[in-house]
Amino acid sequence: DGCGHTVLGPESGTLASIDYPRTSPNSTVCEWEIRVRPGQRVQLRFGDLDIDGSDSCHSSYLRVHNGIGPNRTEIGKYCGFGFQMDGLITSKSNEVTVQFMSGIHTSGRGFLAAYSTTDKSDLITCLDKASHFSEPEFNKYCPAGCVIPFADISGTIPHGYRDSSSLCMAGVHAGVVSNTLGGQINVVISKGIPYYEGSLANNVTSKVGPLSTSLFTFKTSGCYGTLGMESGVIPDSHITSSSVLEWPNQTGQVNIWKPENARLKRIGPPWAAFISDEHQWLQIDLNKEKKITGIITTGSTLAEHYYYVSAYRILYSDDAQKWTVYREPGMAKDKIFQGNTELYQEVRNNFIPPIIARFFRINPLKWHQKIAMKVELLGCQFSLGRAPKITLPPPPQNKNDEKNADFMDDFIHSVKTSLQTDKTTFTPEIKNTTVTPSVTKDVALAAVLVPVLVMVFTTLILILVCAWHWRNRKKKTEGTYDLPYWDRAGWWKGMKQFFPTKSAEHEETPVRYSSSEISHLRQREVPTMLQTESAEYAQPLVGGIVGTLHQRSTFKPEEGKEASYADLDPYNSPIQEVYHAYAEPLPVTGPEYATPIIMDMSSHPSTPLGAPSISTFKAAGNQAPPLVGTCNKLLSRTDSASSAQALYDIPKGQPGPASADQLVYQVPQSVAHPTVSKDE
């Protein structure tokens, strides 16, 4: 009556006292008899031993014996609170007896131990955690029976498990080892994550976990990809079932929950059987033999239809005629897989060893309300390697050798069986993409080469950058328009006045002035009025860069010039009685004139010295209104209205004199201008 959690497998197992890890009851006893295959020995490791040893192991103790029965011999007797034993207890044969005796005591958890055959030198117990090991990567052997109710795990694959989780229990959850068989695990330690998800897999519930400094993952075979239910690789015609649920809804429309609806994560109803009994099945044809390592199931995923399968069996076949029920190695009973506990959660179960088959069948055994489910298969392609050559013993020569012939048949059968078993139980070791790489002997070489390569590439980049800058600088020094000694900002502002300020379509618009606006202005306000008018002027042909600004011109400079490129402002200079560089405003009743053309007649050969400059503008009176001119020396202008009158032709298109408002004058032709006296 003192036996607790116990799983005795063919090669390993776990045993614990009653009520462990709570205080064991008084006056209880339990005895375990462990047998492994002949020729092997048993090794035992304590995960925890906490037995009252106040009476020197007289009434409460744990005793280990070589052998079973009356001929057994004692290996050792153990007790004490928090007893520590780092080594292994090894038997002399393939049989061991473990005896637990609990006397009168007030405290003590009892014990938990694990065993395996002696070829598993790296045996650990179900209580070992990743935080107990300092190596970044290590291999350990987990015993059978590590799905224990008093151990917790947090996390899932492929993200990893919290370092406080039981290594072997997490291995069962991940599908790396079997709870009934145990197995080898390859653990890799990585940096922790802030949050660990929880899930149900292989009858182990993983809880949600908080942040940890480190986590661990497992190196696996890599054969855990989806086989095509969710993606649609498996066509609808390859998904069949024993029956289909059909029922009309409130509107009279018939709903059919067909087998092709049984695709995981597919929106809509699932597959559901018309009759809910243990003879229903869902069958999937994979088109060829595949290596099937697991299955994921959900319920109906419809809140209004709370249907799911809570337990099922797995059958497989190569021809869809002869079916084999899945069993774990060494077990005489069919394996019953735990299904869903509600309709939404995805539940994973792994097959250890994997199933090699083309046809796959799910046989529901327990369900909630109705049989309804969605599924996805996990696995990979299966390729059978070359089988080893079998060397047979010579055939029997006479009747006395019939026993040898029978032995040969048994040998061939055993070899074939072992080959078939090997191809399903042993998987290649492929590193998981989520784990860190292994540390190799090339680390020292890489530590030297990497900095050298970085320095070389950095030097090359610097050389290229310097060469590019030198080339650009050379081009600038050789450029025709490079002005290294100029004030570049001032030069740009000076050049801005030569750019057109309006669109080209307005450049030839004639200049017009309103005499009504000019007549009431004072003498000094006239240039200001002209400067603020919105009239547009054509741009001058620039022969130089700065010197042209001070020459007399009929073009209006750009407003807002700065002193950096013009010494004096043509508009704000002191008032001088000089001739303005722009056309005069029209008189109140005067006609419009053509663009002014200023000509210096003093240099003409037919003109006497001292002759004044002439203009194509007709004067409005005996004296032109005084305007503010440029700072350069301007040519003098005659005050005679009659002399100015002689410079114009008769208005074009008029037979005779007309009123001043109707006269339009042409630009004088390039002919010699006669001298006109005042008397004329």
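We use all heavy atoms of the structure for the numbers below, so side chains are in, but hydrogens, waters and symmetry mates are not. Counting begins at 1 with the first residue of the sequence. The model shown is predicted, which means the values in this text are computed figures rather than measured ones.
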*Asks:* By the salt bridge (charged side-chain N to carboxylate O under 4.0 Å, His left out) test, which pairs, at least two apart or in different chains, include something from residues 351-380?
*Replies:* Asp285-Arg358
*Asks:* Going through the checks in order, is the ring pair (Phe, Tyr, Trp, His ring centres under 6.0 Å) test met by Tyr306 and His368?
*Replies:* CA-CA 7 Å; Tyr306 208 86; His368 183 266; 5.4 Å; yes
*Asks:* Going through the checks in order, is the side-chain contact (heavy atoms from CB on, under 4.5 Å) test met by Thr341 and Gln338?
*Replies:* CA-CA 9 Å; Thr341 57; Gln338 179 184 355; 4.1 Å; yes
*Asks:* So which atom in Ala174 and which in Asn350 form the shortest heavy-atom distance, rounded to 0.1 Å?
*Replies:* O-OD1, 4.0 Å
*Asks:* Looking at Pro25 and Ile18, what are the two nearest heavy atoms and their distance?
*Replies:* CD-CG2, 3.4 Å
*Asks:* Using the side-chain contact (heavy atoms from CB on, under 4.5 Å) rule, take His5 and Leu15 through it: C-alpha gap first, then chi angles, then the decisive distance, then the call.
*Replies:* CA-CA 6 Å; His5 174 74; Leu15 52 152; over 6 Å; no
*Asks:* Considering only residues two or more places apart or on different chains, which pairs with a residue in residues 323-338 satisfy salt bridge (charged side-chain N to carboxylate O under 4.0 Å, His left out)?
*Replies:*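 Output for this query lists Arg313-Asp334, Arg327-Asp334, Glu328-Lys335.
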*Asks:* Test: salt bridge (charged side-chain N to carboxylate O under 4.0 Å, His left out). Region: residues 117-133. Which pairs qualify, not counting sequence neighbours?
*Replies:* Glu11-Lys120
*Asks:* Are any non-hydrogen side-chain atoms of Ile362 and Ile314 less than 4.5 angstrom apart?
*Replies:* yes
*Asks:* Could you go through Thr180 and Ser178, starting from their C-alpha distance and side-chain angles, then the distance that decides it, and tell me whether this counts as side-chain hydrogen bond (donor to acceptor under 3.5 Å, both in side chains)?
*Replies:* CA-CA 5 Å; Thr180 58; Ser178 169; 3.1 Å; yes
*Asks:* What's the spacing between Ile355 CD1 and Tyr316 OH if we round to 0.5 Å?
*Replies:*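 One gets 6.5 Å once the value is rounded to the nearest 0.5 Å.
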*Asks:* Between Tyr20 and Phe150, does the ring centroid distance fall short of 6.0 Å?
*Replies:*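 That pair passes the under 6.0 Å test.
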*Asks:* Heavy-atom distance under 4.5 Å between the side chains of Phe360 and Leu377, does that happen here?
*Replies:* yes
*Asks:* For the residue pair Tyr141 / Ser121, report whether a side-chain donor-acceptor contact shorter than 3.5 Å exists.
*Replies:* no
*Asks:* Taking all non-hydrogen atoms of both residues into account, name the closest pair between Pro270 and Met373 and its distance.
*Replies:*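 Closest approach of Pro270 to Met373, heavy atoms only: CB-O, 3.5 Å.
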*Asks:* Within the side chain of Asn202, is there an N or O that forms a donor-acceptor pair under 3.5 Å with the backbone of His173?
*Replies:* yes
*Asks:* For the residue pair Ile292 and Leu227, establish whether any side-chain heavy-atom pair is separated by less than 4.5 Å.
*Replies:* yes
*Asks:* Any heavy-atom pair between the side chains of Leu302 and Pro269 that's under 4.5 Å?
*Replies:* yes
*Asks:* From Met229 CE over to Ile284 CD1, what is the distance, rounded to the nearest 0.5 angstrom?
*Replies:* 4.0 Å
*Asks:* Kindly check if Cys142 and Cys126 bring their SG atoms closer than 2.5 angstrom.
*Replies:* no
*Asks:* Is there a side-chain contact between Trp32 and Thr6 in this structure, where contact means two heavy atoms from C-beta onward sitting under 4.5 Å apart?
*Replies:* yes
*Asks:* I want to check something: taking the side chain as every heavy atom from C-beta on, are Ile124 and Cys168 in contact at a cut-off of under 4.5 Å?
*Replies:* yes
*Asks:* Could you please spell out the steps behind the side-chain contact (heavy atoms from CB on, under 4.5 Å) verdict for Leu378 and Ile296?
*Replies:* CA-CA 8 Å; Leu378 306 177; Ile296 301 175; 4.1 Å; yes
*Asks:* Only pairs at least two apart or in different chains count here, so list each ring pair (Phe, Tyr, Trp, His ring centres under 6.0 Å) that has a residue in residues 322-344.
*Replies:*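 Found Tyr312-Phe337, Tyr326-Phe337, Tyr326-Phe351, Phe337-Phe351.
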*Asks:* Measure the CD1-CD distance between Ile68 and Glu33 for me, rounded to the nearest 0.5 Å.
*Replies:* 4.5 Å
*Asks:* Would a 4.5 Å heavy-atom cut-off, applied to side chains only, mark Val187 and Leu167 as touching?
*Replies:*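 Answer yes - side chains close enough.
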*Asks:* May I ask you to decide whether Arg263 forms a salt bridge with Glu230, counting only side-chain N to carboxylate O separations under 4.0 Å?
*Replies:*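 No, this pair does not count.
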*Asks:* Going through the checks in order, is the side-chain contact (heavy atoms from CB on, under 4.5 Å) test met by His305 and Gln369?
*Replies:* CA-CA 9 Å; His305 304 288; Gln369 295 185 9; over 6 Å; no
*Asks:* Return the set of residues passing side chain to side chain contact (heavy atoms under 4.5 Å, CB included) with Glu135 (not counting sequence neighbours), or none when no residue passes.
*Replies:* Phe133, Phe138
*Asks:* Mind checking ring pair (Phe, Tyr, Trp, His ring centres under 6.0 Å) for Phe100 and listing every partner two or more places apart, or none if nothing turns up?
*Replies:* Phe111
*Asks:* Given side chains that start at C-beta, do those of Glu197 and Val208 come closer than 4.5 Å, heavy atoms only?
*Replies:*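 No, too far: nothing below the 4.5 Å cut-off.
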